[in-house]
Amino acid sequence: MKDIRFTYSYALESSTLESYKTETQSALRTLVKGTGAGNDFLGWLGLPMDIRKQVAAIRDCADRLRAQCEVIVCVGIGGSYLGAKAVIDALQPAFAWLEGRKPQIVYAGNNISEDYLYELQNLLRKKQFGIICISKSGTTTEPALAFRLLKMQLEEQAGKATAKERIVCITDAKKGALRTLATQEGYDTFVIEDNIGGRFSVLSPVGLLPIACAGLNINALLDGAERMMNCCTSSETDFEDNPALLYAAARNHLYRQGKKIELLVNYHPKLHFVSEWWKQLYGESEGKEHKGIFPASVDFTTDLHSMGQYVQDGERHLFETVISVQEPNEKVVVPSDKDNLDGLNFLAGKRVDEVNKMAELGTRLAHTDGGVPNLLIELPALNEYSIGELIAFFEVGCGVSGYMLGVNPFNQPGVEAYKKNMFALLHKPGYEEATAAIEARINNK
Ligand code: PA5
């Protein structure tokens, strides 16, 4: 199997990158030896190996749900759904939902939209469905609300005994409302270990169970992740051969030069949610103490027709990291047309991917010329192994990069602020003081 490759020649000189060798290696040592801030959240480093003993149980559970359900609803938010959706979308056929494939994986608890829930409930009324409810804390409002509605619906539609066979909960081993509920109802469960944060949990049951339910090969995913985790964390790997160190060095250098925004770019719409997963990973890990690269993303060539002008010509605070898929899984050749009314015969005989690749190269050159440095991640193919490698590469790169920035990459104190206000506004018991304060503030406006 070919490995993913990271290159930086359209962004900076190798001598510049070389000057970050000591700093990145020191950050990596801090990460691997567990001597830095947030060192109680490093369980993800060993996941590709440690989780193997649970793979058989995860696959058995997935097989049972696949046999019983036309639709499986993954209930979760943030790190409790983005990894699964990223992998499933990247590897499933784009039109799986129209092909009548079963089961279909859909998502809930990742928003509080009434229309979304209404429409989902309406759809499920005609379906045999199951639920995977994922919440590490077991108390997050969005998934708890969706789970309450869907659990009741499933019990009404299928009966309590069948519902019990079709509900699986993934949560803390002991704490939280979801653990209490799962124990009380006798649901099958998997555990999210204490030392694994949500955004680093895709290779735990949080990601693996939904991915297996979609019919994908979780062993191959873990093989790729294990290979890249070993490569990126080993002190034996030279700096020049360690893609995670090179990436962390390049992005921190660019940030220190004033490039405050990183655009993750793809040329395949199936990778859209890989970018969403990456945004959470880097945004929640680095955006602290009024520091951190702002992670944004675009889908090219689609967004070249909307965001292209800004990227080429707007404020010069951007750099791009392009994910380039080397070999598509399928082949489509542009046909010749004797009338050539659309003027496209210059493309006849070429594969569509060749056109895409020239768009990619042309854009990288244009953006580099326009003052947008371009980093490149080459993915050999869209398959489980390569995506597993990509996940491990980004995770190690994130830990190293966060330590270079001088923050704790493994906490997320900022996400509590909105929750406190929301609970106060909804009169949640225990928030009386906050309710009084927020109502006074609103009434004074
Ligand atoms: O990465 C994180 O910690 C968060 O995004 C969480 O995954 C998200 O808030 C959901 O939390 P929980 O799994 O506790 O419901």
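This chain uses plain numbering: 1 for the first residue, then up along the sequence. Values reported hereafter were calculated over all heavy atoms of this structure, with side chains retained and with hydrogens, waters and symmetry mates removed. Remember, it's 1-based here, ligands and their atoms both numbered in the order they're listed. Computed from a predicted model, the values in this text were never measured in an experiment.
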Short N or O contacts of ligand 1 with protein, under 3.5 Å, listed by atom name?
from: ligand 1; atom 1: 1 (O); to: Arg199; atom 2: N; distance (Å): 3.0
from: ligand 1; atom 1: 1 (O); to: Gln280; atom 2: NE2; distance (Å): 3.0
from: ligand 1; atom 1: 1 (O); to: Glu284; atom 2: OE1; distance (Å): 2.9
from: ligand 1; atom 1: 5 (O); to: Gly79; atom 2: N; distance (Å): 3.3
from: ligand 1; atom 1: 5 (O); to: Gln280; atom 2: NE2; distance (Å): 2.5
from: ligand 1; atom 1: 5 (O); to: Glu284; atom 2: OE1; distance (Å): 3.4
from: ligand 1; atom 1: 7 (O); to: Gly79; atom 2: N; distance (Å): 3.0
from: ligand 1; atom 1: 13 (O); to: Ser80; atom 2: OG; distance (Å): 2.7
from: ligand 1; atom 1: 13 (O); to: Lys136; atom 2: N; distance (Å): 2.7
from: ligand 1; atom 1: 14 (O); to: Lys136; atom 2: N; distance (Å): 3.4
from: ligand 1; atom 1: 14 (O); to: Ser137; atom 2: N; distance (Å): 2.8
from: ligand 1; atom 1: 14 (O); to: Ser137; atom 2: OG; distance (Å): 2.7
from: ligand 1; atom 1: 14 (O); to: Thr140; atom 2: OG1; distance (Å): 3.4
from: ligand 1; atom 1: 15 (O); to: Ser135; atom 2: OG; distance (Å): 2.6
from: ligand 1; atom 1: 15 (O); to: Thr140; atom 2: OG1; distance (Å): 2.5

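Between Tyr247 and Phe393, the ring-plane angle classifies as tilted under the 30° and 60° cut-offs. Between Tyr403 and Phe410, the angle of the ring planes goes over 60°, which puts this pair in the perpendicular group of the 30/60° scheme.
We find that Asp172 and Lys136 are not joined by a salt bridge, their nearest charged nitrogen and carboxylate oxygen being 4.0 Å or further apart. Using a cut-off of 4.0 Å between Lys/Arg side-chain N and Asp/Glu carboxylate O, Arg64 and Asp188 are scored as salt-bridged. Salt-bridge formation is not detected for the pair Glu155/Lys164: no Lys NZ or Arg NE/NH1/NH2 atom is positioned less than 4.0 Å from an Asp or Glu carboxylate oxygen. Using a cutoff of 4.0 Å between basic side-chain nitrogens and carboxylate oxygens, Glu286 and Lys291 are not scored as salt-bridged.
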